[in-house]
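The structure appears below as structure tokens.
Owing to the predicted nature of the structure, the values given are computational and were not obtained by experimental measurement.
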Amino acid sequence: MTLFDVRRTATPTSDEDRRKALADPAFGRYYVDHMAIVDYTEGLGWQNPRIEPMADFAMHPAAAVLHYGQEIFEGLKAYRRDDDSVWLFRPEKNAARFVRSAQRLGMAPLPEETFLAAVTQLVELEAAWVPSGEQEQSLYIRPFQIASEPYLGVREANNYRFAVIASPAGPYYSDAMKLWVTPNFTRSAPGGTGTAKCGGNYAASLIAAQEAYEHGCGQVLWTDGAEHKWLEECGTMNVAMVTSDDELLTPALGTILDGVTRDSILKLAPDHGLTAVERAISVDELLAGLASGYIKEVFACGTAAVVTPIVGFNTPDRGEYVVGNGAVGPMTQEIRAHLVDIQFGRAEDKHGWTVKVA
């Protein structure tokens with residue numbers, strides 16, 4: 001394992017202030033005292049792995065990330081169990097996806113072992129910042145990589161910085177929501193960056209989210225970029241549906257993000273009497289299934305939100321559609337509870353997904 005040089009802060013957060021922060025850990029409101037950093041230089045590779053006090057970055061105004069958007073990130077969580085131990089959930093999946101994102105953005109890929117060491121050692125150092133687990137609170141971990149080389153020519157950068165920061169958080173979405181089927185915007189396309197977790201994808205999604213709000217919805221349902229005919233994702237999450245013939249149906253990979261939560265739920269499907277099916281799903285099939293009752297439940301899933309029930313859809317030309325009777329479905333609740341119970345150690349981890357850190 002890569003060992004990080006630890007340079008502790010001279011002004012750590014007091015126990016009292018940390019208790020206050022953990023009493024109301026809204027997403028991104030508070031941050032732990034330290035961050036992990038590794039720097040890359042072409043020809044020398046990744047160097048100087050260290051954990052140091054949280055501080056602003058000093059960056060040249062010509063840094064390539066500011067001009068050409070070479071930036072990727074991940075999101076995962078640390079969970080405190082009833083016995084006070086702290087665990088991660090499938091961090092190796094995040095490490096592998098981080099490499100794929102780097103390759104798609106033309107960035108130097110960080111070794112997966114270094115990614116895992118950075119996350120593990122930072123969480124171990126900051127274990128006191130992991131909430132108790134009440135109300136599904138956890139420590140949200142944000143690894144990211146940026147192009148740090150000052151250069152205005154259009155090419156991949158030669159210098160990069162990888163860092164990991166962390167923030168105690170509760171559930172990202174607390175309520176069920178409706179989705180707006182946007183006719184105007186798309187998140188991904190064949191050959192695009194939809195399979196990479198990069199900041200530009202999220203920046204491009206903001207105007208579509210605003211459009212959804214204007215139509216009385218909490219988020220947008222993305223369709224494909226060519227025909228606006230095929231379902232892709234929901235906001236910043238994957239989307240899935242439960243059918244009357246006991247299928248757990250979700251759009252196939254190819255242009256969308258290979259979500260860790262998505263993959264986990266598909267693997268848990270048989271435990272709930274469901275057959276996981278990944279295939280192309282059209283808007284017509286979705287709406288017809290809702291109208292007939294064939295599609296009984298719909299939910300979105302992702303690391304931050306875990307599972308968010310979808311109770312309706314607004315469309316630009318076919319009106320509104322209700323999922324089931326408009327209430328949160330029992331299978332959605334059952335799947336969500338199962339996944340969360342594994343993460344917090346309340347259910348058996350048959351797949352070996354959880355990793356003890358402290």
Would you tabulate the side-chain donor-acceptor contacts of residues 320-330 under 3.5 Å, counting partners in other chains and residues two or more places apart, or write 'none'?
unit_1, atom_1, unit_2, atom_2, d
N325, OD1, A327, N, 3.0

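- Side-chain atoms of D39 and Q47 form no donor-acceptor pair, as typed in the model, at a separation below 3.5 Å.
- Distance check, rounded to the nearest 0.5 Å: CZ of R336 to CZ of F299 gives 11.0 Å.
- Taking a 6.0 Å sphere around OH of Y172, one finds it holds 12 or fewer heavy atoms contributed by other residues, nucleotides or ligands.
- Every residue two or more places apart in sequence or in another chain was checked for a salt bridge (Lys or Arg N to Asp or Glu O under 4.0 Å) with K229, and none qualifies.
- Checked for salt-bridge contact, E124 and K356 miss the test: no charged N lies under 4.0 Å from a carboxylate O.
- Taking the salt bridge (Lys or Arg N to Asp or Glu O under 4.0 Å) definition, one finds that E233 meets it with R187, sequence neighbours left out.
- Applying the salt bridge (Lys or Arg N to Asp or Glu O under 4.0 Å) criterion to E52, with sequence neighbours excluded, gives R7, R50.
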Please tabulate, for side-chain N and O atoms in residues 190-200, each donor-acceptor pair with protein atoms closer than 3.5 Å (sequence neighbours left out).
unit_1, atom_1, unit_2, atom_2, d
T193, OG1, N201, OD1, 2.7
K197, NZ, Y202, OH, 2.8

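- Aromatic ring pairs are classed by plane angle as parallel below 30°, tilted from 30° to 60° and perpendicular above 60°; the pair F162 and F115 is tilted.
- The backbone N or O of A304 lies less than 3.5 Å from a partner atom in the side chain of K77, making a donor-acceptor pair.
- Counting only N and O atoms by type, the side chains of T354 and D349 include a donor and acceptor under 3.5 Å apart.
- Listed here is the closest heavy atom pair of H272 and L268: CD2-O, 3.3 Å.
- Each side chain to side chain donor-acceptor pair (under 3.5 Å) pair with one or both residues in residues 21-36, not counting sequence neighbours, appears once here: T13-D33, D24-R29, H34-E126.
- A side-chain N or O of Q343 and one of Y79 form a donor-acceptor pair less than 3.5 Å apart.
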For a quick test of your reading: what N or O donor-acceptor pairs under 3.5 Å do the side chains of residues 208-217 make, sequence neighbours left out?
unit_1, atom_1, unit_2, atom_2, d
E211, OE1, W180, NE1, 2.7
E211, OE1, T182, OG1, 2.7
E211, OE2, N184, ND2, 2.7
H215, ND1, E211, O, 2.9

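- Under the rule for a side-chain hydrogen bond (donor to acceptor under 3.5 Å, both in side chains), the partners of S264 that lie at least two apart in sequence or sit in another chain are R90.
- Remark: the E156 side chain and the Y68 side chain contain no N/O donor-acceptor pair separated by less than 3.5 Å.
- Atom CD of E334 is separated from atom CD of E297 by 9.0 Å, given to the nearest 0.5 angstrom.
- Residue pairs satisfying the side chain to side chain donor-acceptor pair (under 3.5 Å) criterion with at least one member in residues 298-319, sequence neighbours excluded, are listed as follows: D284-R318.
- Checked against side chain to side chain contact (heavy atoms under 4.5 Å, CB included), D245 has the following partners two or more places apart in sequence or in another chain: T243, E247, Y294.
- No hydrogens or angles considered: nothing links the side chains of E232 and T223 as a donor-acceptor pair under 3.5 Å.
- Partners of A78 according to the side chain to side chain contact (heavy atoms under 4.5 Å, CB included) rule, which considers only residues two or more places apart in sequence or in another chain, are V86, L88, V123, V130, L139, I141.
- Residues satisfying the salt bridge (Lys or Arg N to Asp or Glu O under 4.0 Å) criterion with D341, sequence neighbours excluded, are R346.
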Practice task
Applying salt bridge (charged side-chain N to carboxylate O under 4.0 Å, His left out), run through E134 and R80 and close with a yes or a no.
Solution key: CA-CA 9 Å; E134 295 180 8; R80 187 175 299 281; over 6 Å; no

